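Since the structure comes first, as structure tokens, the remarks are kept for the end.
Numbering starts at 1 and runs along the sequence shown. If you're wondering where the values come from, they're calculated on a predicted model, not measured in any experiment. Whatever order the structure lists ligands and atoms in, that order sets their numbers, starting from 1.
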Amino acid sequence: MQDPRPAPSLLTVDDFERAARARLSKMAYDYYRSGADEGRTLRENRRAFRRLEIHHRVLVDVAERDMSTTVLGTRVPFPILVAPTAYQRLAHPDGEIASSRAASELGTIFTLSTLSTTSLEAVADASSGPKWFQLYVHKDRGLTRALVERAESAGYRALMLTVDTPVLGRRIADVRNGFALPEGLVMANLVDAASAAPAEERGSLLASYVASRHDASLTWRDVGWLASLTRLPLLLKGIVRPDDAVRALDAGAAGVVVSNHGARQLDGAPATIEVLPAIAEAVAGRCLVLMDGGIRWGTDVLKAIALGARAVLVGRPVLWGLAALGGEGVARVLAGLRDELSIAMALAGCPTLASIDRDLIRRAQAR
Ligand SMILES: Cc1cc2nc3c(=O)[nH]c(=O)nc-3n(C[C@H](O)[C@H](O)[C@H](O)COP(=O)(O)O)c2cc1C
Ligand SMILES: CCCCCCC(=O)C(=O)O
């Protein structure tokens, strides 16, 4: 007899990307999908995972698996967090509210971008789960300080300072498409600053925002200044070198995010999974190490944990879920990755995250 149930069509992150592509305008899809320049790092972020094999252990009791971990004092049921991504209402009218609620439903951490299309207060009011705030430092330090104070009083639990973006990477598709926010969408955390801006900047063209407001002169000294403004733990996002990770630690950061900004900044930057082991080794457990870039399968998460990350963040997968099915899509993407990780742990002989060690991972022989 035939099974009457329809075959599920949205199972993997790549399925969600196809569904998202069918729903989004070309301009929005290109903005989300793009890497910088020729997309070398974009391809490498995923290829580098494929080069790694998992040499599984057998006959281990994996009847119960524990995927929970603690990040900056917050217990999460599985080690997959939501990365900050700008302009989520471009994907779906419910934007950041829907994605933060989905993260909350699953018990994981949602990171809100400075460039969100919903204000940080509205997101805090709408979802009760743990949240971090991603910070871009503006030339106007008063504005930067105000963002920090607002995030702190709205209940965000950590600040994630993005340090790989002194200027905007060149995303060719965005330049060709003349990327701009459609009428009605704004950079909601910056509306006052935006309405004081000259008319040609109010259209939210990313490039003009960056040129006029974003501070490209940021240095290590400013990290100390930022840390002095807040009692929240500070993470530095965009680290790909062991020496910079140690410097972050020395500057007072509670952790680093090994990231190349989803390959949207410096084309030619290394795949993050390639540089993770040396960074984890350099900081030697003295601070939290997270990573993002190219994670599309539960087995990718397992590889990142094995190579030294406490947890990973996902950017585009969440956008694909949001564009395809709103908040339900985000929840399904996160739950899908969680369930894939659980299966991968069972098959690799790892009942806990602590048992996922480096010895499981080998580089595939070149054929
Ligand atoms: C459309 C888009 C917007 C992004 N916006 C931000 C942002 O506002 N701040 C930030 O620190 N990183 C931003 N990122 C980078 C993500 O936080 C993250 O590093 C990256 O998406 C991880 O790679 P993945 O998309 O392969 O998971 C953005 C990435 C994308 C794809
Ligand atoms: C230099 C600050 C602009 C960053 C724009 C948002 C972002 O991170 C991205 O599109 O990627």
Side-chain angles (χ1 to χ4, degrees), residues 13-14 16-17 20 24 27-36 39 41-49 80-91 95-96 99 110-117 120 132-139 159-171 173-174 179 181 187-190 204-216 218 235-240 256-266 269 271-273 290-297 300-301 304 312-323 333-334 337:
V13 171
D14 290 336
F16 274 95
E17 175 169 357
L24 291 169
M27 190 185 73
Y29 176 69
D30 280 351
Y31 169 65
Y32 290 152
R33 169 197 60 83
S34 292
T41 300
L42 188 64
R43 286 186 294 278
E44 272 303 297
N45 268 357
R46 290 196 69 175
R47 278 188 190 158
F49 277 109
I80 305 168
L81 322 178
V82 176
T85 55
Y87 303 161
Q88 294 190 5
R89 291 187 62 215
L90 202 54
E96 292 86 359
S99 47
F110 177 79
T111 313
L112 185 74
S113 166
T114 288
L115 301 187
S116 55
T117 39
L120 67 91
W132 294 347
F133 184 69
Q134 176 270 328
L135 185 70
Y136 280 128
V137 172
H138 293 76
K139 285 178 192 158
L159 283 182
M160 186 184 279
L161 174 67
T162 302
V163 291
D164 58 11
T165 313
V167 300
L168 194 65
R170 195 146 170 273
R171 299 114 188 222
D174 291 350
F179 175 74
L181 277 183
M187 295 189 267
N189 294 318
L190 308 172
S204 301
L205 278 166
L206 205 45
S208 61
Y209 156 78
V210 174
S212 62
R213 324 232 135 229
H214 187 80
D215 191 351
L218 202 71
L235 293 164
L236 297 199
K237 171 172 182 280
I239 301 289
V240 297
V256 294
V257 184
V258 178
S259 175
N260 53 31
H261 209 109
R264 297 161 70 79
Q265 288 297 107
L266 178 65
T272 44
I273 194 68
L290 304 175
M291 76 82 73
D292 70 23
I295 294 207
R296 301 294 180 269
W297 295 96
D300 298 336
V301 183
V312 303
L313 300 105
V314 286
R316 293 181 186 85
V318 165
L319 296 170
W320 305 145
L322 184 62
V333 163
L334 292 172
L337 287 167

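Taking 4.0 Å as the cut-off, Tyr87 does not count as a neighbour of ligand 1 on heavy-atom distance. Proximity of Leu319 to ligand 1 is established by a heavy-atom distance of less than 4.0 Å. Using 4.0 Å as the threshold, Arg33 has no heavy atom nearer than that to any atom of ligand 1.
For ligand 1, the atoms closer than 4.0 angstrom to any heavy atom of Ser113 are 7 (C), 8 (O). For ligand 1, the atoms lying closer than 4.0 Å to a non-hydrogen atom of Asp292 are 18 (C), 19 (O), 22 (C). Near Thr162, meaning under 4.0 Å from one of its heavy atoms, ligand 1 places the atoms 10 (C), 11 (O). Residue Tyr32 has at least one heavy-atom neighbour below 4.0 Å for each of these atoms of ligand 1: 1 (C), 31 (C).
Heavy atoms of Arg296 found under 4.0 angstrom from ligand 1 belong exclusively to the side chain. Counting heavy atoms under 4.0 Å from ligand 2, residue His138 does not touch it at all. Within the 4.0 Å heavy-atom criterion, neither part of Thr162 lies near ligand 2. By the criterion of a heavy-atom distance under 4.0 Å, neither the backbone nor the side chain of Met160 is placed next to ligand 1. At a heavy-atom cutoff of 4.0 Å, ligand 1 is contacted by both the backbone and the side chain of Thr85. With a heavy-atom cut-off of 4.0 Å, His261 touches ligand 2 through its side chain alone. When non-hydrogen atoms are compared, ligand 1 lies under 4.0 Å from the side chain of Gln134 (C-beta onward) but not from its backbone.
Note: an N/O pair closer than 3.5 Å links Tyr136 and ligand 1 by distance alone. On a distance-only criterion, His214 and ligand 2 share no N/O pair closer than 3.5 Å.
Proximity of Leu319 to Gln88: side-chain heavy atoms (C-beta onward) are separated by under 4.5 Å at one or more points. Residues Thr114 and His138 have side chains in contact (heavy-atom distance under 4.5 Å, counting atoms from C-beta outward). A 4.5 Å side-chain heavy-atom check between Asn260 and Asn45 finds at least one atom pair inside the cut-off. The shortest side-chain heavy-atom distance between Arg171 and Asp30 does not fall under the 4.5 Å cut-off.
One finds the CG atom of Leu159 at 11.0 Å from the CH2 atom of Trp132 (value rounded to the nearest 0.5 Å). Note that CZ of Phe179 is 6.0 Å distant from CG of Asp174, once rounded to the nearest 0.5 Å. Rounding to the nearest 0.5 angstrom, the gap separating the CD atom in Gln134 from the CG atom in Leu115 is 7.0 Å. In this structure, CG on Leu236 lies 11.0 Å from CG on Leu135, to the nearest 0.5 angstrom.
The two residues Ala216 and Val167 come nearest to each other via the heavy atoms CB-CG1, 4.5 Å. Phe49 and Gly293 make their closest contact through CE1-O, 3.4 Å (heavy atoms, listed as atom of the first residue, atom of the second, distance).
When only non-hydrogen protein atoms are considered, atom 3 (C) of ligand 1 lies nearest to Ala86 N, 3.5 Å. Closest to atom 1 (C) of ligand 2, if we only count protein heavy atoms, is Thr165 CG2, 3.0 Å. When only non-hydrogen protein atoms are considered, atom 3 (C) of ligand 2 lies nearest to Val210 CG2, 3.5 Å. The nearest heavy-atom contact from the protein to atom 30 (C) of ligand 1 is Arg264 NE, 3.4 Å. The protein atom (non-hydrogen) at minimum distance from atom 21 (O) of ligand 1 is Gly315 CA, 3.6 Å. The protein non-hydrogen atom at the shortest distance from atom 11 (O) of ligand 2 is Arg264 NE, 2.7 Å. The nearest protein atom to atom 9 (C) of ligand 2, hydrogens excluded, is given as Arg171 NH1, 3.3 Å; this is a heavy-atom distance. Of the protein's heavy atoms, Lys237 NZ, 2.9 Å lies nearest to atom 12 (N) of ligand 1.
For atom 10 (O) of ligand 2, the nearest non-hydrogen atom from the set Tyr136, Tyr87, Tyr31, Tyr32 comes from Tyr31. Of the candidates Ser259, Gly294, Pro84, Pro84 brings a heavy atom nearest to atom 16 (C) of ligand 1.
Distance alone, capped at 3.5 Å, places no donor-acceptor pair between the Glu96 side chain and the Ser116 backbone. Panel note: side chain Thr272, backbone Ser259; no donor-acceptor pair is recorded below 3.5 Å. Using a distance-only test at 3.5 Å, with no hydrogens or angles considered, no donor-acceptor pair links the side chain of His261 to the main chain of Gly169.
With a 6.0 Å cutoff to the six-membered ring centre and a 45° limit on the axis angle, Arg264 counts as a cation-pi contact of Tyr31.
For Arg43, the CZ atom sits in a packed shell: over 12 heavy atoms of surrounding residues, nucleotides or ligands are nearer than 6.0 Å.
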